S.K.: 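Pasting a structure below so you can have a look.
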Amino acid sequence: MLKAVILIGGPQKGTRFRPLSFEVPKPLFPVAGVPMVQHHIEACSKVPNLKEILLIGFYQPNEALSSFLVKAQQEFKVAIRYLQEYSALGTGGGIYHFRDQILAGGPQAFFVMNADVCCEFPLLSMLDFHKQHGDPHANIILGTTANRKQSLNYGCIVANGETQEVLHYVEKPGTFVSDIINCGIYLFSPSIFQHIAAVFQRNQQELQHEENSSWQRMEVICLEQDVFTSLASRGNLYVYKTEGFWSQIKSAGSAIYASRLYLSQYNTRHPERLASTKQGGPTILGNVYIHPTAKVDPSATLGPNVSIGMGVTVGAGVRIRESIILHGALLQDHSCVLNSIVGWDSTIGRWARVEGTPSDPNPNDPYAKMDSETLFREGKLTPSITILGCNVSIPAEVVILNSIVLPHKELSRSFKNQIIL
């Protein structure tokens, strides 16, 4: 029997995702038309003998999360539960805190995945790789190749070329270590908890000498820095390299890129989710997802890489490209939306133009990843995806360029390169 754990973080996390994370917990943000973590759950549901999926995070249980879990259980026919941490315990602390729940029923192994990655999820290949090693105590990290410069932003893995055993692991090194990076997806054997317990005991001893140390600080354990660095070269940590697509979803800009990766995967896995140009319907270019409840005028042109949410209205002559339009938004006639995310229930007036600058990885470098973009560079707002928070109103005939508009704003003029509070 197998299980899976998805680490979904909590409200203090996802800050780079504002203003979008104000309205919905980041793991439920729609990417290619479905909540971000649904892609993980669907991949788990295809693994034979995977009996339970546990989501671990420190969101207060809320209506959105509960109703999503109920729907997902029905759709994917697998038990799914949410376990709430009392505070942020780190990637290792969360699974250690709930180790009894994870080990209940005696799984031979369990997957652990970060919710904010977008991936082909080669879970079956990871299982085969685990079996080939023949060691029931082996632990597997999913790895991918990055370019030298960008590898410094990730956990870097030095592995034995033949056996793929991890010899050395460094989280965000100061100088180049390896171009194989950690994808944030793991296959662990139950013995991993012995290694995490050793870190817990070490924390305990260190904190005993401090006056005001709290139990909580002992429980904060990071898999990457605390566990992998000491597990490397001990003979039970391996890397499985994937050739498939992979990206982090840290910022709103990366959500549009992740949407593109998933939409192109729909061609083989979910062709029914992709729209096509039909007689009397809108013109569709490339991969586009349109929610069945959305109303799109036949004279509109959509794509490539567009997803249109529930109850969205798209007027005559509207042009949308490389964008995510969230539920309830209204795009009036002849408006134009490029490289942008339009928030829930927002309105864009006639002939208005909302445009951002894509922050895509270098297309000429097969190993390029998304840059973790900073909002400001040298005191100026870096040109990026334009984001409208929920319930923003853009008047007719204005241009909004490379800007971030916080929720519930009614604009009266054009803006560029600004954060509009």
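Source: prediction; values computed, not measured.
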S.K.: Kindly state each residue pair satisfying salt bridge (charged side-chain N to carboxylate O under 4.0 Å, His left out) with at least one member in residues 83-105, sequence neighbours excluded.
M.R.: none

S.K.: I'd like to check the salt bridge (charged side-chain N to carboxylate O under 4.0 Å, His left out) partners of Asp116; sequence neighbours left out, ordered by chain and number.
M.R.: Lys26, Lys250

S.K.: List for me each residue that meets side-chain contact (heavy atoms from CB on, under 4.5 Å) alongside Gln225, sequence neighbours excluded, and say none if there are none.
M.R.: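 Testing Gln225 for side-chain contact (heavy atoms from CB on, under 4.5 Å), a comparison that skips the adjacent residues, returns Glu171, Cys222.
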
S.K.: Of all residues at least two apart in sequence or in a different chain, which pass the side-chain contact (heavy atoms from CB on, under 4.5 Å) check with Asn391?
M.R.: His408

S.K.: Give a yes or no on whether the backbone of Leu261 and the side-chain of Ser264 come within a donor-acceptor separation of less than 3.5 Å.
M.R.: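 Looks like yes, one N/O pair under 3.5 Å.
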
S.K.: Taking only residues two or more places apart in sequence, or in another chain, which ones meet Glu75 in a side-chain contact (heavy atoms from CB on, under 4.5 Å)?
M.R.: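 By the side-chain contact (heavy atoms from CB on, under 4.5 Å) rule, Glu75 matches Gln38.
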
S.K.: Looking at Phe121 versus His40, is the centre-to-centre ring distance below 6.0 Å?
M.R.: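 They qualify: ring centres under 6.0 Å apart.
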
S.K.: Applying side chain to side chain donor-acceptor pair (under 3.5 Å), which residue pairs with at least one partner in residues 176-186 are found, sequence neighbours left out?
M.R.: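 Residue pairs passing side chain to side chain donor-acceptor pair (under 3.5 Å), neighbours aside: Tyr169-Asn182, Asn182-Tyr186, Tyr186-Glu224.
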
S.K.: Does the Gln108 side chain pair with the main chain of Met1, one donor and one acceptor, at a distance under 3.5 Å?
M.R.: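 Flag set: sc Gln108 to bb Met1 pair under 3.5 Å.
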
S.K.: Excluding sequence neighbours, so at least two apart, what forms salt bridge (charged side-chain N to carboxylate O under 4.0 Å, His left out) with Glu120?
M.R.: none

S.K.: Would you mind reporting whether Asn402 and Lys416 have side-chain heavy atoms less than 4.5 Å apart?
M.R.: no

S.K.: Which pairs, with at least one residue in residues 227-240 and sequence neighbours excluded, count as a side chain to side chain donor-acceptor pair (under 3.5 Å)?
M.R.: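 The answer is none; no pair qualifies.
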
S.K.: Tell me, please, which residues at least two apart from Pro190 pass side-chain contact (heavy atoms from CB on, under 4.5 Å).
M.R.: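 Pro190 satisfies side-chain contact (heavy atoms from CB on, under 4.5 Å) with Leu103 once adjacent residues are dropped.
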
S.K.: Under 4.5 Å between any side-chain heavy atoms of Val314 and Pro282, yes or no?
M.R.: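 Val314 does not reach Pro282 side chain to side chain.
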
S.K.: With a 3.5 Å distance limit and no angle check, can you tell me whether Tyr257 reaches the backbone of Gln248 through a side-chain donor-acceptor pair?
M.R.: no

S.K.: Can a side-chain donor-acceptor contact be found between Asn287 and Asn305 if the only test is distance below 3.5 angstrom?
M.R.: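 No, no side-chain donor-acceptor pair sits under 3.5 Å.
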
S.K.: Give a yes or no on whether Glu272 atom CD has more than 12 heavy-atom contacts from other residues, nucleotides or ligands under 6.0 Å away.
M.R.: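 Atom CD in Glu272 is crowded, with more than 12 foreign heavy atoms closer than 6.0 Å.
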
S.K.: With Val405, which of Leu421, Val354, Leu388 fulfils side-chain contact (heavy atoms from CB on, under 4.5 Å)?
M.R.: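 With Val405 as partner, side-chain contact (heavy atoms from CB on, under 4.5 Å) holds for just one option, Leu388.
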
S.K.: Can you tell me which residue pairs pass the side chain to side chain donor-acceptor pair (under 3.5 Å) test with a partner in residues 140-149, sequence neighbours excluded?
M.R.: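 Output for this query lists Asn147-Gln150, Asn147-Asp365.
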
S.K.: Under the rule for salt bridge (charged side-chain N to carboxylate O under 4.0 Å, His left out), what residues qualify as partners of Arg353, not counting sequence neighbours?
M.R.: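 Arg353: salt bridge (charged side-chain N to carboxylate O under 4.0 Å, His left out) contacts with Glu355.
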
S.K.: Classify the side-chain pair Tyr86/Glu219 by whether it contains a donor and acceptor separated by less than 3.5 Å.
M.R.: yes

S.K.: Any side-chain heavy atom of Phe29 sitting closer than 4.5 Å to one from Ile341?
M.R.: yes

S.K.: For residues Leu401 and Thr386, report the shortest heavy-atom separation together with the two atoms involved.
M.R.: C-OG1, 3.8 Å

S.K.: Go through the structure and list residues passing salt bridge (charged side-chain N to carboxylate O under 4.0 Å, His left out) with Arg273, not counting sequence neighbours.
M.R.: Glu42

S.K.: State yes or no: are the ring centers of Tyr154 and Trp246 separated by less than 6.0 Å?
M.R.: yes

S.K.: For Leu55, run the side-chain contact (heavy atoms from CB on, under 4.5 Å) check against Leu7, Val5, Ile8 and tell me which one passes.
M.R.: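 Considering Leu7, Val5, Ile8, a side-chain contact (heavy atoms from CB on, under 4.5 Å) with Leu55 is found only for Ile8.
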
S.K.: Test Val239 against Ile140 for side-chain contact (heavy atoms from CB on, under 4.5 Å), laying out the working first.
M.R.: CA-CA 5 Å; Val239 59; Ile140 316 287; over 6 Å; no

